[in-house]
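These figures come from a predicted structure and were not determined experimentally. No hydrogens, no waters, no symmetry mates; every other heavy atom, side chains included, goes into these values.
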Amino acid sequence: MNFQLTEEQLAVQAAARDFAQNELWAGVIERDDQQKFPTEQVKKMGELGFMGMIVSPKYGGGGMDTVSYVLAMEEISKVDASCSVIMSVNNTLVCWGLEKYGTEEQKQKYLTKLATGEMIGAFALSEPEAGSDATSQRTTAEDKGDYYLLNGTKNWITNGTTASVYLVMAQTNPELKHRGINVLIVEKGMEGFQTGPKENKLGIRGSDTCSLMFNDVKVPKENRIGEDGFGFKFAMQALAGGRIGIAAQALGIASGAYELSVKYAKERKAFGVPISQHQAIQFKLADMATNIDAARLLCLQAAHDKDAHLDYAKSGAMAKLFASKTAMDTAVEAVQIHGGYGFVKEYHVERMMRDAKITQIYEGTSEIQKIVISREILK
């Protein structure tokens, strides 16, 4: 086993760290407070190649491995988890699926713009009655010959109001259940397609999340990805890779909260000495560091499996399950270490605690990860 990163991977990590510290840190509290989408920051992420890291250079991407992507996600998530989820959805749920399963025409029309950040993508699977049970799609795509007639509602859609391209899962043949689901490329501006108001969220408030409404939207047949009925399999495969990105996001939130805690513990004095000299604080930091290192290894294992074309269903689910718990636990302890200061916005850790919670919910709840892991174990 070789635990050393390559020079290229270290360069990506350093570039992401530099961008996060110099471009994201200054306005992150304001963006969170005002639910302000990081338009300029996302544009810069596109220019630096972070919006299409794992896409082939043929389509304008960076052609990087998943390990590099995980390293970049961690560094950006240390500072602003809202920016990192925008990046994650665009990379692993939208670009990856288009490149792997899209037609050459679809790639030239959409992927080339998504990979450079000229366009932002969204992934529309969840519905009011189809969250963890993704098979229960109520959105319908009626086959009309040369187009589909799309009707229904999607909710909890990341990049919902800012995306230009949406990958929408919809039921075409209800009698076939999940085997009757298709995935369609829907463009902003198509007649009958509307976005709802932004959700007022606990965390990742700089990221826009909203519902999508489709009322007799005509989607050309050439906008279907894959064969008829491929939509559910497409969604599950995209989510399996997406979980690695969310695991890396959770890892970054935990790392960011931990680094702030170490710094604060060395500066803050109580009973005449820095609180870092008190065993109660030392033990908290020891637990944080140990769990973060374990989470990082799980993330890198999943990334390695994906890069090596191995089955990464179990390793990805394990990474997300453990890293998201680590993010939540670490952020809570970070607030505790900061005491009263941890409860106010200017010290950042209360935001990290709020951001951490969603990593246990989206792209498959922790309970769903346990189902995935146990199924893989018991095969």
Side-chain angles (χ1 to χ4, degrees), residues 8-96 98-99 110-123 157-166 188 198 203-209 242 245-246 248-253 255-256 259 348 351-352 355:
E8 183 180 344
Q9 289 164 345
L10 288 169
V12 169
Q13 184 184 50
R17 183 183 299 126
D18 183 69
F19 170 74
Q21 297 296 327
N22 295 323
E23 303 285 343
L24 299 182
W25 188 261
V28 65
I29 292 174
E30 179 193 1
R31 292 193 296 274
D32 172 79
D33 196 42
Q34 299 178 8
Q35 297 192 81
K36 184 179 177 183
F37 187 83
T39 304
E40 289 304 311
Q41 291 77 13
V42 171
K43 182 181 176 184
K44 186 74 177 289
M45 283 164 63
E47 292 169 357
L48 292 171
F50 292 128
M51 296 297 280
M53 291 184 69
I54 55 178
V55 177
S56 167
K58 178 182 176 182
Y59 302 110
M64 298 179 197
D65 60 6
T66 313
V67 169
S68 296
Y69 168 65
V70 162
L71 296 171
M73 276 291 295
E74 180 185 357
E75 292 301 328
I76 289 169
S77 302
K78 282 181 183 181
V79 177
D80 190 345
S82 293
C83 279
S84 69
V85 75
I86 296 163
M87 170 181 158
S88 177
V89 167
N90 202 72
N91 269 281
T92 55
L93 296 188
V94 180
C95 287
W96 179 85
L98 267 171
E99 183 167 17
Y110 301 111
L111 183 58
T112 52
K113 294 182 175 66
L114 289 163
T116 58
E118 183 181 339
M119 284 181 171
I120 296 175
F123 183 85
I157 307 304
T158 301
N159 303 339
T161 65
T162 51
S164 301
V165 178
Y166 301 77
K188 178 175 279 185
K198 287 169 66 171
I204 56 166
R205 289 166 59 84
S207 151
D208 66 309
T209 305
I246 299 304
Q249 180 191 43
L251 169 63
I253 294 169
S255 297
E259 288 176 7
H348 295 277
R351 170 176 51 82
M352 293 174 173
D355 288 348

- Between Asp355 and Ser82, is there a donor-acceptor pair closer than 3.5 Å when you use the side chain of the first and the backbone of the second? no

- Message: Could you check whether any side-chain heavy atom of Val79 comes within less than 4.5 Å of a side-chain heavy atom of Glu23, counting everything from C-beta outward?
- Response: no

- Message: Any donor-acceptor pair under 3.5 Å linking the side-chain atoms of Ser68 with those of Asp65?
- Response: yes

- Message: So, taking the atom named CG in Leu93 and the one named CD1 in Ile246, what distance separates them when rounded to the nearest 0.5 Å?
- Response: 7.5 Å

- Note on the structure: Between the CG atom in Asn90 and the SG atom in Cys95, the distance rounded to the nearest 0.5 Å is 4.5 Å

- More than 12 non-hydrogen atoms from neighbouring residues, nucleotides or ligands closer than 6.0 Å to CD on Glu8, yes or no? no

- Closest non-hydrogen atoms of Asp208 and Lys198, given as atom of the first, atom of the second and distance, are CB-CE, 3.8 Å

- Query: What's the spacing between Phe19 CZ and Glu47 CD if we round to 0.5 Å?
  - Reply: 9.5 Å

- Query: Out of Ser255, Ser88, Ser84, which residue meets the side-chain hydrogen bond (donor to acceptor under 3.5 Å, both in side chains) rule with Ser77?
  - Reply: Ser84

- Okay, side chain of Asn22, backbone of Asp18: is any donor-acceptor separation there less than 3.5 Å? yes

Return all side-chain donor-acceptor pairs below 3.5 angstrom for residues 48-63, not counting sequence neighbours, or 'none' if the list is empty.
residue : atom : partner : partner atom : Å
Ser56   : OG   : Lys58   : N            : 3.1
Tyr59   : OH   : Glu104  : OE1          : 2.8
Tyr59   : OH   : Glu104  : OE2          : 3.3

- Message: Can you give me the closest heavy-atom contact between Arg205 and Asp32, atom names plus distance?
- Response: NE-O, 2.9 Å

- Message: The criterion is ring-ring contact (aromatic ring centres under 6.0 Å, His included); which residues satisfy it with Phe123, sequence neighbours excluded?
- Response: none

- Message: Within the 4.5 Å heavy-atom criterion, are Thr92 and Tyr69 side-chain neighbours or not?
- Response: yes

- Query: Taking Asn159 for the side chain and Ala122 for the main chain, is one N or O donor matched with an acceptor at less than 3.5 Å?
  - Reply: no

- Looking at side-chain heavy atoms only, is the closest gap between Asn91 and Trp96 below 4.5 Å? no

- Query: So how far is it from Ile76 CD1 to Gln41 CD, rounded to the nearest 0.5 Å?
  - Reply: 11.5 Å

- Query: Can you name the nearest heavy-atom pair linking Val12 to Met64, along with the distance?
  - Reply: CG2-SD, 3.8 Å

- Item | Lys113 and Val165: CA distance, side-chain angles, deciding distance, side chain to side chain contact (heavy atoms under 4.5 Å, CB included) verdict | CA-CA 10 Å; Lys113 294 182 175 66; Val165 178; over 6 Å; no

- Could you grab the distance from atom CD of Gln249 to atom CG of Asp80, nearest 0.5 Å is fine? 9.5 Å

- Item | Carboxylate-amine/guanidinium contact Glu75 Lys78, below 4.0 Å | yes

- When you measure from the side chain of Arg31 to the backbone N and O of Leu24, does any donor-acceptor pair fall under 3.5 Å? yes

- Do side-chain atoms of Lys188 reach the backbone of Thr161 as a donor and acceptor pair under 3.5 angstrom? yes

- Query: Atom CD of Gln35 and atom CD1 of Ile204: how far apart are they, to the nearest 0.5 Å?
  - Reply: 11.0 Å

- Task: In sequence, state the C-alpha distance, the side-chain angles, and the governing distance for Val94 and Tyr110, and then conclude on side chain to side chain contact (heavy atoms under 4.5 Å, CB included).
- Result: CA-CA 10 Å; Val94 180; Tyr110 301 111; over 6 Å; no

